[in-house]
Each structure stands twice: as structure tokens, then as C-alpha cells.
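Here the structure comes first, spelled out in C-alpha cells, and everything after it is commentary.
Atoms within each ligand, like the ligands themselves, are counted from 1 in listed order.
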Amino acid sequence: MKAIIPFSHQLLEEVINQGDSVIDATCGNGNDTLMLSKLVGDTGKVYAFDIQEKAIEQTKALLLAQRVENVELIHDGHEHVVSYVDEQVISGAIFNLGYLPKGDHSIITTPDTTIQAISGMLSLLKKRGRIVIVIYHGHKGGTSEKNLVLSFCEELDQKEYQVLQYQFINQINNPPFVIGIEKLK
Ligand SMILES: C[S@@+](CC[C@H](N)C(=O)[O-])C[C@H]1O[C@@H](n2cnc3c(N)ncnc32)[C@H](O)[C@@H]1O
């Protein structure tokens, strides 16, 4: 069985093509941004958000080292996504909720802004596009965010979206899990 991160990437690899526009909602150290930039290629575009200067700088350094030029780094909250992307062109988006690994653990994604961002991205998603959310919830504040995201996703109309949860259920210490949302029409 695939681990959480490879599975989250697989969900996106299945729907993202060269030339597409995609979103990394939480670029952090830039690992997912780099993965997305390879999937969309030179003719595509990645919008990568983070509220922390440190995350933007680390992602910029990684992209420079890899000679990546198809990423727009956005030092702003993902809840403002519709101010940066104005067409229904997105084939994939990824969130890694929680705090920046090796960073300030008090700066975390928050329930209301996360829901606002997911809603905004659903409106920008193409038919068959997917939003993948990796939910880290072991930290303070993580449980309320997890619960709000789950109840928001459970209420999405099944005629418009299919939603899956991928989770190992015999691991201790609140392991992360994946939510995948696919737009049907
Ligand atoms: C778990 S980390 C992301 C890890 C990243 N995907 C990687 O590969 O390294 C979560 C990130 O979300 C960022 N963040 C928190 N609130 C945010 C918001 N409203 N908009 C965008 N990023 C946010 C944090 O600064 C942190 O860097």
C-alpha cells in the first residue's frame, strides 16, 4: 500500500497533464511545488502560496537549484486564491495542512481560512480536476481543522464531486491522512 505522500501525489499525477495550471496551497519547503512543476512542464504553470517568508524563500531556493521557471510564488494566504487565479482552469491543487516542518510550529493552517481556500479552489477547478488535502492533525489546533474539513467535504453534493479518504487506521499518534476531491461536472 502506498504511503500518504506518494498516494497524494498519485491522485494528482492521474489528472495533471503538461501545460496545465495547478496550485500548491501550502508550499512550505517546496517539495510539492517541485513535484507539480514537473507534472505541468515548461508550458504549464504552478501557483504556490505560503504566508511565511521563510517558506517562500526555501521554495525559491529549491526551484532555483532545479532551474524551475514555471512557478509563481505568492506570499499570501491561500484563502485569497480567487484574487490570483481568475479562470476555471485548474486541473489539480494540493494542501499540506499543519506547520512548516523544521519551522515555527505556532504558525499553522487554520480551519476557517482552509475552508475558504478549498471553496475558492473548487470554483476554479476544471471538470475531472482534483484537490488533494493531506491532513496533519496531531498538533494543537489540528483536531478542529480536521473536523471542519471533514464535515465540509462530507456535505459536498455527490452529483458534483466525489470525495475519498485514504487513511491507515492502525497507526498511533494521529497519523496524517488524505482527502481527495474530484469535480465531476
Ligand atoms: C505542512 S506545511 C507545508 C509543507 C510543504 N507542502 C512541503 O512540501 O514542504 C504547511 C504550510 O502552510 C503554511 N500556511 C499556513 N497558513 C497558510 C495560509 N493561510 N495560506 C498559505 N499557506 C499557509 C505554513 O506557513 C506552512 O509552511
*What protein heavy atom is closest to atom 20 (N) of ligand 1, reported as residue, atom name and distance in Å?*
His78 N, 2.9 Å
*Has ligand 1 got any nitrogen or oxygen that is less than 3.5 angstrom from a nitrogen or oxygen of Asp24?*
no
_Numbering as shown, the atoms of ligand 1 that approach Cys27 to under 4.0 Å (heavy-atom distance)_ = 5 (C), 6 (N), 7 (C), 9 (O)
*Between Phe177 and Leu164, is there a shared hydrophobic cluster once you connect ILVMFWY residues whose side-chain heavy atoms come closer than 4.5 Å?*
no
*asked:* Would you say that more than 12 heavy atoms from the other residues, nucleotides or ligands in this model lie under 6.0 Å from the OH of Tyr99, or not?
replied: no
*State the CG-OG distance between Asn70 and Ser37, to the nearest 0.5 angstrom.*
5.0 Å
*Apply the side chain to side chain donor-acceptor pair (under 3.5 Å) test between Asp24 and each candidate in Asn96, Thr59, Thr33; give the one that qualifies.*
Thr33
*How far is atom 10 (C) of ligand 1 from its nearest protein heavy atom, and which residue and atom name does that atom have?*
Asn96 O, 3.3 Å
*Have a look at ligand 1 and work out which part of Ala117, if any, has a heavy atom under 4.0 Å from it: side chain, backbone, both or neither.*
neither
_Validation row: Thr26, Phe49 side chains within 4.5 angstrom (heavy atoms)_ = no
*Between Gln18 and Thr43, does any side-chain donor sit less than 3.5 Å from a side-chain acceptor?*
no
*Would Gln158 and Gln162 count as having a side-chain donor-acceptor pair, cut-off 3.5 Å?*
no
*Closest approach of any protein heavy atom to atom 19 (N) of ligand 1, naming residue and atom*: Glu79 OE1, 2.9 Å
*Using a strict cut-off of 4.0 Å, indicate which atoms of ligand 1 neighbour a heavy atom of Gly98.*
10 (C)
*List the closest protein heavy-atom neighbour of atom 11 (C) of ligand 1: residue, atom name, distance to the nearest 0.1 Å.*
Asp50 OD2, 3.6 Å
*Can you tell me the protein heavy atom closest to atom 16 (N) of ligand 1 and the distance?*
Ile51 CD1, 3.4 Å
*From the options Thr26, Thr109, Asn31, select the one whose nearest heavy atom is closest to atom 8 (O) of ligand 1.*
Asn31
*Using a strict 4.0 Å cut-off to heavy atoms of Gly77, name the atoms of ligand 1 that fall inside it.*
18 (C), 19 (N), 20 (N)
*Got the closest protein heavy atom to atom 9 (O) of ligand 1, with its distance?*
Asn29 N, 2.9 Å
_Short side-chain donor-acceptor distance under 3.5 Å, Tyr84 and Asp76_ = yes
*Would you say His105's side chain and His139's backbone share a donor-acceptor pair under 3.5 angstrom?*
no
*Determine whether any heavy atom of Tyr99 lies closer than 4.0 Å to an atom of ligand 1.*
yes
*Those atoms of ligand 1 less than 4.0 Å from some heavy atom in Ala25*: 21 (C), 22 (N)
